Number of protein chains: 2
Amino acid sequence: MSTNQIFIVDDDDAIRDALGWLFRSRGHVARLWSSAEALIAGGEIGRCGCLLLDIRMDGMSGLELFEWLREKGHDVPVIFLTGHGDVPMAVAALKKGAFDFVEKPFNDNELVDRALAALDIHHQRSSRQAAAREVDERLAHLTSRELEVMERVLAGQMNKVIAMDLGVTMRTVEVHRARIFEKMGVRSAVELAQLLTARTPKPQ
Amino acid sequence: MSTNQIFIVDDDDAIRDALGWLFRSRGHVARLWSSAEALIAGGEIGRCGCLLLDIRMDGMSGLELFEWLREKGHDVPVIFLTGHGDVPMAVAALKKGAFDFVEKPFNDNELVDRALAALDIHHQRSSRQAAAREVDERLAHLTSRELEVMERVLAGQMNKVIAMDLGVTMRTVEVHRARIFEKMGVRSAVELAQLLTARTPKPQ
DNA sequence: TGCACCGTTGCGGAAATCCACAATGGCACG
DNA sequence: CGTGCCATTGTGGATTTCCGCAACGGTGCA
């Protein structure tokens, strides 16, 4: 994976450069952006493994960028940086899913540790997501009829029942079933169930 | 369920009573405790649906009580209340799994809303946990041999293979398999897979 | 019109599963 | 020693699944 880059967005040149220097001096890959708009325009958000985001910026704020990323489906771990943060703001940010919230001035070592932790969970997430995408990709190749059959297979229904249910022959169900397994890359209904049950979006 | 009680722990009599009045006047069930120790001694944590916890208290602090609950396996949603909270403290509490972090003085309506939200997710959690416990309970009744067979059934192995693998006859595997289904309350390997795949502890 | 894909079905056989009935041996507990 | 639980196996049959081979009709696109 090449998504272990640390993206830093801050409109204060001095802080931005200091952050860049901090991470680079320790062997990490850091990319710097002077505004949320610049980051978005860059179109390289996909390479981001962890995002350090100044909350207060001219133009689009850190919080707004965060919301924007969420809507776009990017769930990169975000660490907010703030000079004048208060408790309610921090709480709101974390409850919305921010990974961390750090006040300036920050402790160098601590910030690096947190960023690395963020990278870590990003890797965990992205591997899970890759698997989920893989499954979705395969699901997309199923015909609507196959989906109907699959649904019933997952409900534990026997081919006979499914056939009655759909008003077709057992043979037809068998064919669909075989194609489903083939397309989904599994070799039994059990594997299929595991694949799809694991894919379920996780709650809080 | 009778776990929609709001537990309030604060060593300041005035605040505690005010909180009790606040929730009760709106029709909610609130229980008051003047210290973490008293709450623990009461032995009624199981009835708790949501916990409002003052961070700074004589004796065991709110944070300590929170940790204690975590260790005991109680994961009631906790809302911390604090008079002199700072951002790092709030961030730490939330990252450890607190549900919310509110500064005093608080806005009555907002606090109630948050407590109700906490109750809500507690209900979601507890129904999930009940299901998980149910499954664990059933798993506990499986013999070690049955577990070995189940493991292989979930791996999608055919009875024939499992038999070879364990050095027994197919017939034996069939019997184990039947008992597994019976004990687990399912009627097919698919249902079993769903039961156990869903049970998996969810990550962040 | 020809090709590709989909849904459908039939035939027939191999393989696997499910099950009732029946039984043996080991082990632990009282 | 009896009772209960567990693992094990057998027989035999009903049911179900899995598959290759073959085919037909519809739809949509080039």
Side-chain angles (χ1 to χ4, degrees), chain A residues 131-200, chain B residues 131-200:
Chain A
R133 276 185 221 286
E134 170 71 20
V135 172
D136 288 342
E137 169 66 16
R138 291 182 174 177
L139 276 179
H141 285 118
L142 295 184
T143 67
S144 59
R145 200 52 159 172
E146 284 163 355
L147 286 175
E148 288 183 293
V149 173
M150 187 179 73
E151 190 182 324
R152 289 166 172 80
V153 167
L154 291 178
Q157 295 186 329
M158 287 185 306
N159 289 354
K160 187 207 290 189
V161 181
I162 299 176
M164 294 288 256
D165 210 0
L166 296 181
V168 295
T169 316
M170 269 186 52
R171 188 65 187 86
T172 305
V173 176
E174 289 171 7
V175 173
H176 284 316
R177 197 181 171 113
R179 278 208 211 301
I180 292 168
F181 288 173
E182 185 191 349
K183 288 184 179 177
M184 295 302 291
V186 299
R187 281 173 27 176
S188 69
V190 179
E191 287 182 45
L192 185 65
Q194 290 173 334
L195 208 60
L196 296 185
T197 311
R199 184 198 51 75
T200 304
Chain B
R133 274 185 222 288
E134 170 72 19
V135 172
D136 288 342
E137 169 66 16
R138 291 182 174 177
L139 276 179
H141 285 118
L142 295 184
T143 67
S144 59
R145 199 53 159 172
E146 284 163 353
L147 286 175
E148 289 183 293
V149 173
M150 189 179 73
E151 191 183 324
R152 288 166 173 77
V153 167
L154 291 178
Q157 293 186 330
M158 289 185 305
N159 289 355
K160 188 206 291 187
V161 180
I162 299 176
M164 295 290 256
D165 209 359
L166 296 181
V168 296
T169 314
M170 267 186 52
R171 189 65 189 82
T172 306
V173 176
E174 289 173 16
V175 173
H176 283 316
R177 196 182 171 111
R179 279 207 210 301
I180 293 168
F181 288 173
E182 186 191 349
K183 288 183 178 177
M184 295 304 290
V186 299
R187 283 173 27 179
S188 69
V190 179
E191 288 182 42
L192 186 65
Q194 289 173 334
L195 208 61
L196 296 184
T197 311
R199 183 199 50 78
T200 304

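Note that the structure is a prediction, hence the values are computed from the model and not measured. Sequence lines set the chain letters: A, B, ... in the order given, protein chains first and strands last, and positions in each chain run from 1.
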> With A/R138, which residues qualify under side-chain contact (heavy atoms from CB on, under 4.5 Å), at least two apart?
Replying inline: A/E134, A/M184

>> For B/V149 and B/T172: C-alpha separation, side-chain torsions, deciding distance, then whether side chain to side chain contact (heavy atoms under 4.5 Å, CB included) applies.
In response: CA-CA 10 Å; B/V149 173; B/T172 306; over 6 Å; no

> To the nearest 10 degrees, how far apart in direction are the end axes of the helix from C/dT1-D/dA30 to C/dG30-D/dC1, each fit to five base pairs?
Replying inline: 40°

>> For A/L154, is there any backbone N or O sitting under 3.5 Å from a side-chain donor or acceptor partner on B/Q194?
In response: yes

> Counting only N and O atoms by type, is there a donor-acceptor contact under 3.5 Å from the side chain of B/T197 to the main-chain atoms of B/A193?
Replying inline: yes

> With a 4.5 Å limit on heavy-atom distance, are the side chains of B/H141 and B/E137 in contact?
Replying inline: yes

> Would you find a donor on one side and an acceptor on the other, under 3.5 Å apart, between the side chain of A/E182 and the backbone of A/R179?
Replying inline: no

> Where along residues 155-162 of chain A does a heavy atom fall under 4.0 Å from DNA chain C?
Replying inline: none

>> Tell me which pairs pass side chain to side chain donor-acceptor pair (under 3.5 Å) where either residue lies in residues 158-170 of chain B, with sequence neighbours left out.
In response: B/R152-B/D165, B/N159-B/R177

> For B/F181, does its backbone N or O pair with a side-chain atom of B/E191 as donor and acceptor, under 3.5 Å?
Replying inline: no

> So do the side chains of B/L166 and B/R145 get within less than 4.5 Å of each other, counting heavy atoms only?
Replying inline: yes

>> Does B/L139 form a side chain to side chain contact (heavy atoms under 4.5 Å, CB included) with B/K183? I'd like the steps, not just the answer.
In response: CA-CA 8 Å; B/L139 276 179; B/K183 288 183 178 177; over 6 Å; no

> Using a heavy-atom cut-off of 4.0 Å to chain B, what are the terminal contacting nucleotides of DNA chain C, in 5' to 3' order?
Replying inline: C/dA16 to C/dC21

>> Near DNA chain C, counting only heavy atoms under 4.0 Å, which residues of residues 169-186 of chain A show up?
In response: A/T169, A/R171, A/T172, A/V175, A/H176

> With side chains defined as the heavy atoms from C-beta onward, is the minimum distance between B/L192 and A/V190 less than 4.5 Å?
Replying inline: no

> Hey, are the side chains of B/I162 and B/H176 touching, using non-hydrogen atoms and a 4.5 Å cut-off?
Replying inline: no

